[in-house]
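To keep things clear, I will list the structure first and then write my remarks on it.
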There are 2 protein chains.
Amino acid sequence: MRASDRAYATLLEEIQLGALAPGTVVGEAAQAERIGVSRTPMREAIGRLVADGLITQLSPRVLAVSGFDADDIRDLFAARRALEEASARLAARRGDRASFAALAAAFSAARPETGEASADAYYALIQRFDAEVDAAADNAYLTQALRTIRTHLVRARRLARDHPDRLRASVAEHALIADAIASGDAELAAHATHVHLHHALAAILDSIDHQADRSASQKGTA
Amino acid sequence: MRASDRAYATLLEEIQLGALAPGTVVGEAAQAERIGVSRTPMREAIGRLVADGLITQLSPRVLAVSGFDADDIRDLFAARRALEEASARLAARRGDRASFAALAAAFSAARPETGEASADAYYALIQRFDAEVDAAADNAYLTQALRTIRTHLVRARRLARDHPDRLRASVAEHALIADAIASGDAELAAHATHVHLHHALAAILDSIDHQADRSASQKGTA
DNA sequence: TGAGCGTATTATGTATACATTGTGAGGATG
DNA sequence: CATCCTCACAATGTATACATAATACGCTCA
């Protein structure tokens, strides 16, 4: 593996998980020494993260981890909705019906609320679903744009916490989208995607609000 | 200006204008010497172009200018439609009505078919319109995705040729979108954008077909 | 004669030294 | 006392030398 890839993967994960908090200043030399690569590959890694939007240029000379708040999440979902609705439509028109029927069945069988292992399996299933939609839509420009969106989405998911009710609903929503694509119903696929993202966004914002409440009351009792 | 920016700008323009034809192998050392920078900034420039999708990795060791054909243009417009419809909707909801009313008036007054100078002025007006829609939509994720799309769009425009009839129609389409945004009609703004992009795509594909015909007949008579 | 392997070549990947420039601290001046 | 200018420092930007690995060529063997 190339040193620049290692540096990129390391910083990406740290930013996505919040280990590198928003606002943290990212210096080439400092990060290079910390990760154990020289400045050249670190420079390349930072450049990619800037292109992704995870690192922002504050002044001509100082880079920092980008901020990420509820407003960003709303904007992120607006862009995601546009792109995934388009993808779903295309997938419904061009996709292989059998594989989406199989995905629909897999979603219907999923029980992500029954433990951590099944939750992980469910997230893997969603990832497979996304990949198959991308492949079916067969549009490099959409896929590329969605790749960036998903990179940011990881940060949003980390701020929230999925509850059993939400997971059950998510299963049903995905099953409907997969069914719609399998039956070639582009409009239903797009609108079901819209509905799904609406609920997903609401759940994330709700979860963040509750956590804010909790930490506020913790402060109050401290 | 930084050497890496100069290298990026130079290569970008050459690819967009077709001076570097699709399929041309891009080697760090060769391009660095040609442009007159060292390998380090050239490497950074090439990395950015790869991220943009204008340069593709053919094998682990060889990079080449990406291909760009009619199918790419169709895919590009599918992604563009998704993003610009979403932007138009947001702009209609959040945008400043006065500035879009002014843009609508500017479009109504435009006469791009009356000469090269007025055509250039018209393209500048479209650029201003795009910038104001971006600002009104106020969504960094959409804007970023559109930036990439527009980078590719330059290549599509170069393959085509706008005719007076198309320019006149384009003026009217833009005026309608601006009007819709100015009046806060999100649905009309989105659908007018859809219509506009439909016609723009048709015109480009039509123009390419005719050029193909022409070059075919030229070959025949040669 | 063709296919497969080994080696030479040449490209990329990395490290580091050097150049350049933004930034901040300190002092001088109004 | 505040503000502006200057200078020093530290970071980024660039060039280049070195390490590494992929590719292509040629040789050998079947």
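Computed from a prediction, not measured in an experiment: that's the story for all the values here. A, B, ... follow the sequence lines: proteins, then strands. Residue 1 opens every chain.
Distance CE (B/M1) to C1' (D/dG13): 14 Å, rounded to an integer number of Å. In this entry the distance linking CD of B/Q57 with P of C/dA11 reads 16 Å, nearest Å. One atom, CD of A/E44, and another, P of D/dT14, lie 15 Å apart when rounded to the nearest Å. As rounded to whole Å, 15 Å separates atom C1' of C/dG13 from atom CE of A/M42. As a whole-Å value, the separation of B/R61 CZ from C/dG13 C1' is 8 Å. Taking atom CD of residue A/E33 and atom P of nucleotide C/dT16, one finds them 12 Å apart after rounding to whole Å. Rounding to whole angstrom units, CD of residue A/Q31 and P of C/dA15 are separated by 16 Å. In this structure, A/L58 places its CG atom 12 Å from P of C/dG24, rounding to the nearest Å.
Taking all atoms of both residues into account, the shortest heavy-atom contact from B/A21 to B/V65 is O-CB, 3.5 Å. Closest approach of B/D72 to B/G67, counting heavy atoms only: OD2-O, 3.7 Å.
OP1 or OP2 of D/dT14 has at least one side-chain nitrogen or oxygen of B/S4 nearer than 4.0 Å. Contact annotation: B/R43 side-chain N/O to C/dT12 OP1/OP2 distance is not under 4.0 Å.
With hydrogens and angles ignored, a donor-acceptor pair closer than 3.5 Å exists between the side chain of A/T40 and the base of C/dT16. For A/R39 and D/dG13, a side-chain-to-base donor-acceptor distance below 3.5 Å is present, hydrogens and geometry of angles not being considered. Applying the 3.5 Å distance criterion, the base of C/dT14 shares no donor-acceptor pair with the side chain of A/R2.
Ring orientation note: the planes of B/H152 and A/Y141 are nearly perpendicular, at an angle over 60° on the 30°/60° scale.
Looking at the side chain of A/A3, the nearest of the listed nucleotides D/dT20, C/dT14, D/dA11 is C/dT14. Closest approach to the A/S38 side chain among D/dT20, C/dT14, D/dT14 is made by C/dT14 (side chain taken as heavy atoms from C-beta onward). Ranking D/dA22, D/dT12, D/dA15 by closeness to the B/P60 side chain, first place goes to D/dA22.
At a threshold of 4.0 Å, the pair A/R93-A/D138 does not count as salt-bridged, since none of the basic side-chain nitrogens sits closer than that to a carboxylate oxygen. Using a 4.0 Å cut-off between charged nitrogen and carboxylate oxygen, B/D5 and B/R48 count as a salt-bridge pair.
Across the interface with DNA chain C, nearest-nucleotide mapping of A/S59 and A/V37 shows A/V37 to be the residue nearer the 5′ end.
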